[in-house]
Amino acid sequence: MRHQPLPIEFYLQPTQLLAKQLLGCLLVKETDEGIASGYIVETEAYMGAEDRAAHSFGNRRTKRTEIMFSTAGHVYTFTMHTHTLVNVVSGPINTPEAILIRALEPCDGIDLIAARRGKKKPVEWTNGPGKLTAALEITQSDYGRCFFEPPLYIAQGFHPKDIASGPRIGIENTGEARFYPWRHWVADNPYVSKSR
DNA sequence: ATCTGGATTGACT
DNA sequence: GTCAATCCAGATG
């Protein structure tokens, strides 16, 4: 099954809106082993210089955050402990905003995903930001790519019936920012990550 | 050169 | 519920 990447224009919308528009879209990764993909069911927006929870808070510009200052649609990956997390860069150039992809519902390459994620319940394959990167084999080598061209891209998926929003996860030490309702998910979808 | 801590996960009490 | 794994970016000297 092949998919058509969404055009670069898709990414040219305000970050919070894009974070919701991404819900239901298909995240695809092609490797030598084949194609694996999943529908995005949970995202979190990080709002650049003004957002204490963002790596780019105060326009902090480093080797890691550099890609956030680039144009919308770039791939921002970073390592969290033993896991890779993946973001969609958004906002105009020099406005370092990004959207973290937190959960997927598996679509293509179920056997591949199962093999990569080991013997566990299917719902555990992709219901977390570090899990889905392992399932699709998204790594630091994808840093700086564009989401509108293979091997890592986003395509049209389904249109969510209901979208819910609430505080982001895992950012306890960021003052007021921890309360901002910038996490968005497909209501009632079983693959949405569980909060702690 | 060295130290610190994290946008997580999985195993264990 | 708690906690270790395990590694690198970022900060500091």
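Residue numbers begin at 1 in each chain, while the letters A, B, ... track the order of the sequences. None of the values given here were measured: they were computed from a predicted structure.
- The side chain to side chain donor-acceptor pair (under 3.5 Å) with Tyr153(A) is formed by just one residue from the set His3(A), Lys29(A), Gln4(A), Glu30(A); it is Glu30(A).
- Side-chain atoms of Glu42(A) and Tyr191(A) form no donor-acceptor pair, as typed in the model, at a separation below 3.5 Å.
- Remark: Lys131(A) is in phosphate contact with dG10(B), judged by side-chain N or O atoms under 4.0 Å from OP1 or OP2.
- Here the P atom of nucleotide dA7(B) and the CD atom of Glu97(A) are 18 Å apart, to the nearest Å.
- Atom CD1 in Ile169(A) sits roughly 13 Å away from atom C1' in dT9(B) (whole-Å rounding).
- One N or O on the side chain of Thr65(A) and one on the backbone of Arg60(A) form a donor-acceptor pair closer than 3.5 Å.
- Nucleotides of DNA chain B nearest to Glu124(A) and Ile171(A) differ in position, and the one nearer the 5' end is that of Ile171(A).
- With centroids closer than 5.5 Å and planes inclined by less than 30 degrees as the test, His81(A) and the base of dT8(B) pass as a stacked pair.
- At least one donor-acceptor pair closer than 3.5 Å links the side chain of Arg116(A) to the backbone N or O of Ala135(A).
- Using a 4.0 Å heavy-atom criterion, one finds that Leu100(A) contacts the bases of the nucleic acid, with or without backbone contacts as well.
- Comparing Thr82(A) and Lys63(A), the nucleotide of DNA chain C nearest to each residue sits closer to the 5' end for Thr82(A).
- The nearest whole Å value for the distance from the CG atom in Leu132(A) to the P atom in dT8(B) is 12 Å.
- Under 3.5 Å, the side chain of His55(A) and the base of dA7(B) form at least one donor-acceptor pair of N or O atoms.
- Taking the C1' atom of each, dG5(B) and dC3(C) are spaced 16 Å apart, rounded to whole Å.
- Stem list for DNA chain C (at least 3 consecutive Watson-Crick or G-U pairs, distances under 3.5 Å): B:1-6 with C:7-12, B:8-12 with C:1-5.
- If you check every strand for non-hydrogen atoms under 4.0 Å, Arg102(A) touches sugar and phosphate atoms only.
- Regarding Lys119(A), its NZ atom lies at a distance of 17 Å from the P atom of dG10(B), rounded to whole Å.
- Considering only side-chain N and O atoms, Arg117(A) lies under 4.0 angstrom from the phosphate OP1 or OP2 of dG10(B).
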Q | Derivation and outcome, side chain to side chain contact (heavy atoms under 4.5 Å, CB included), residues Glu105(A) and Val186(A) | A | CA-CA 11 Å; Glu105(A) 177 175 335; Val186(A) 177; over 6 Å; no
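- Remark: Arg168(A) qualifies as a cation-pi partner of Tyr46(A) under the 6.0 Å distance and 45° angle criteria applied to the six-membered ring.
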Q) Can you list the steps and then say if Leu22(A) with Phe10(A) is a side chain to side chain contact (heavy atoms under 4.5 Å, CB included)? A) CA-CA 10 Å; Leu22(A) 281 169; Phe10(A) 172 72; 3.7 Å; yes
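- As judged by a 4.0 angstrom heavy-atom cut-off over every strand, Asn87(A) is placed among the base-contacting residues.
- In terms of phosphate contacts, Arg60(A) brings a side-chain nitrogen or oxygen within less than 4.0 Å of OP1 or OP2 of dA11(C).
- The interatomic distance linking Asn127(A) (CG) with dT8(B) (P) rounds to 13 Å, in whole Å.
- Closest to the Leu85(A) side chain, of the nucleotides dG10(B), dA9(C), dT8(B), is dT8(B).
- Atom P of nucleotide dA7(B) and atom OH of Tyr180(A) are separated by 16 Å, given to the nearest angstrom.
- Separating the OH atom of Tyr143(A) from the C1' atom of dC7(C) is a distance of 17 Å, rounded to the nearest angstrom.
- Candidate nucleotides dG6(B), dG10(C), dA7(B) were compared by shortest atom distance to the side chain of Arg64(A), and dG10(C) ranks first.
- Distance Gln140(A) CD to dC7(C) C1': 11 Å, rounded to the nearest Å.
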Q: Check step by step if side chain to side chain contact (heavy atoms under 4.5 Å, CB included) holds for Asp108(A) and Val28(A).
A: CA-CA 8 Å; Asp108(A) 301 304; Val28(A) 187; 5.5 Å; no
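- Stacking between Tyr46(A) and dA7(B) is present: the aromatic ring centre lies within less than 5.5 angstrom of the base six-membered ring centre, and the two planes differ by under 30 degrees.
- To the nearest whole angstrom, the two C1' atoms, one in dA7(B) and one in dG1(C), are 23 Å apart.
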